[in-house]
Amino acid sequence: GAAMQKASKFLLLYAVLYFLFLYAPIFLLPIFAFNDSAIISFPLSGVTLDWFFLLWETEALHDALYNSVMIAIIAATLSTALGTFAARAATRYDFPGKKGITGFLLLPIVLPEIIVGVALLVVMVQLGLSLSAWTVVIGHVLICTPFAIVILSSAFKSFDISLEEASQDLGVGKIGTFFRVILPMVTPGLISSFLIAFTISLDEFIIAFFLTGTDVTLPVYIWGQLRFPARLPSVMALGFLMVTLSLILLAIAEYFRRRSVKYTNIESQNTTQSEETIF
């Protein structure tokens, strides 16, 4: 009735205001990234691409970008692999302490990153490990794996167990079935998990700040540049590029996530129809 319409309008207004509050600062990035002035203020003095060309000429930036991409690829690969095994176990099998173990694995999602960063730093120092790109990889695997588990759990839940049973009836072992039947069907989920983990690692700052050595990541490099007011416009340009890349990667990841659930559901329906036809 009228009350429902009023509530829905209020909810829509709340959502719009929430997103404006959340993303309004991001809208300033492209404005000042193309502004022809070293001073970040209104009114704008003109339009220029100089700040983007400056990024192209900055060697330290290229090194930081290379470090971030390599760390993100390794962390995304490891977290997706670990997430695959954890999600498979959680959705397919029952075992003692299942809920507690699953909750423990997902804990890094809700823990403050600064706490995780400090704790990891203490552990690394106590183990005698020198801070490097590999310590950042370890930290990023820790925070990316829970996201991989959540994404892949939805893919494995949609998987029809009868396909697995049919494969084993044909003489294929459990390991062979996993790699030849199950993994190909959840491949869109694997791609989605990898892309989201890659994006998280690429953009992550706090843990990288604590664990990075001399080879800084891109967010840590940006943090260092903020000390120099003259470089702020180029930081805005770099931030604009990173936000754009992150949005593209997340959009692709969401596409594959939905495709994974849809694909496994379709295959399950086809299998059920085939069994009904046979019997």
Side-chain angles (χ1 to χ4, degrees), residues 19-40 44 47-77 79-80 109 113-114 116-117 133 136-137 139-144 147-148 151 191-257:
F19 281 108
L20 281 176
F21 174 78
L22 195 62
Y23 293 108
I26 295 178
F27 295 144
L28 295 176
L29 286 175
I31 294 175
F32 291 113
F34 294 98
N35 182 32
D36 186 18
S37 173
I39 301 174
I40 306 299
L44 304 179
V47 179
T48 183
L49 294 175
D50 289 349
W51 309 120
F52 293 92
F53 289 122
L54 181 60
L55 296 178
W56 184 262
E57 298 169 357
T58 308
E59 289 294 331
L61 167 63
H62 301 165
D63 295 337
L65 176 61
Y66 175 81
N67 293 334
S68 277
V69 170
M70 289 298 102
I71 289 170
I73 290 174
I74 297 170
T77 302
S79 59
T80 299
I109 292 180
E113 281 194 15
I114 190 166
V116 176
V136 179
V137 167
H140 285 181
V141 168
L142 179 66
I143 62 170
C144 290
F147 291 94
I151 295 166
I191 296 173
S192 174
S193 170
F194 178 88
L195 290 175
I196 288 179
F198 180 90
T199 305
I200 292 171
S201 175
L202 190 69
D203 295 340
E204 200 282 325
F205 167 72
I206 297 176
I207 290 175
F209 181 76
F210 280 103
L211 299 182
T212 192
T214 55
D215 300 325
V216 299
T217 63
L218 198 56
V220 176
Y221 169 82
I222 292 174
W223 168 258
Q225 296 303 295
L226 293 178
R227 294 175 297 172
F228 309 103
R231 298 180 186 175
L232 193 54
S234 63
V235 170
M236 289 284 194
L238 180 57
F240 171 68
L241 293 177
M242 290 189 68
V243 168
T244 304
L245 176 62
S246 298
L247 291 176
I248 293 172
L249 291 176
L250 290 175
I252 297 173
E254 178 63 14
Y255 165 77
F256 279 105
R257 187 194 67 80

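Within the model, atoms CD1 of I109 and SG of C144 stand 10.5 Å from one another, a figure rounded to the nearest 0.5 Å. Distance check, rounded to the nearest 0.5 Å: CD1 of I196 to OG1 of T80 gives 9.5 Å. Taking CG of L250 as the reference point, atom OG of S192 lies at 9.0 Å (rounded to 0.5 Å). A distance of 10.5 Å separates CZ in F210 from CD in E113, rounded to the nearest 0.5 Å. Note: T77 OG1 to F198 CZ = 9.5 Å, rounded to the nearest 0.5 Å. Considering CG of L218 and CG of D203, their distance stands at 8.5 Å, rounded to 0.5 Å.
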Check: residues 238-245 side-chain donor-acceptor pairs under 3.5 Å, at least two apart:
from : atom 1 : to   : atom 2 : distance (Å)
T244 : OG1    : F240 : O      : 2.8

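Distance alone, capped at 3.5 Å, places no donor-acceptor pair between the S201 side chain and the A197 backbone.
Taking every heavy atom of both residues into account, T217 and A208 meet most closely at OG1-CB, 3.6 Å. Closest approach of A60 to Y221, counting heavy atoms only: CB-CE1, 3.9 Å. The two atoms that bring V137 and I74 nearest to each other are CG1-CG2, 3.8 Å, heavy atoms only.
Screening residues 205-214 for side chain to side chain donor-acceptor pair (under 3.5 Å) gives no qualifying pairs among residues at least two apart or on separate chains. Identified under the salt bridge (charged side-chain N to carboxylate O under 4.0 Å, His left out) test for residues 204-222, with sequence neighbours left out: none.
Ring orientation note: the planes of F209 and W223 are nearly perpendicular, at an angle over 60° on the 30°/60° scale.
For the pair I207 and H140, the minimum side-chain heavy-atom distance is below 4.5 Å.
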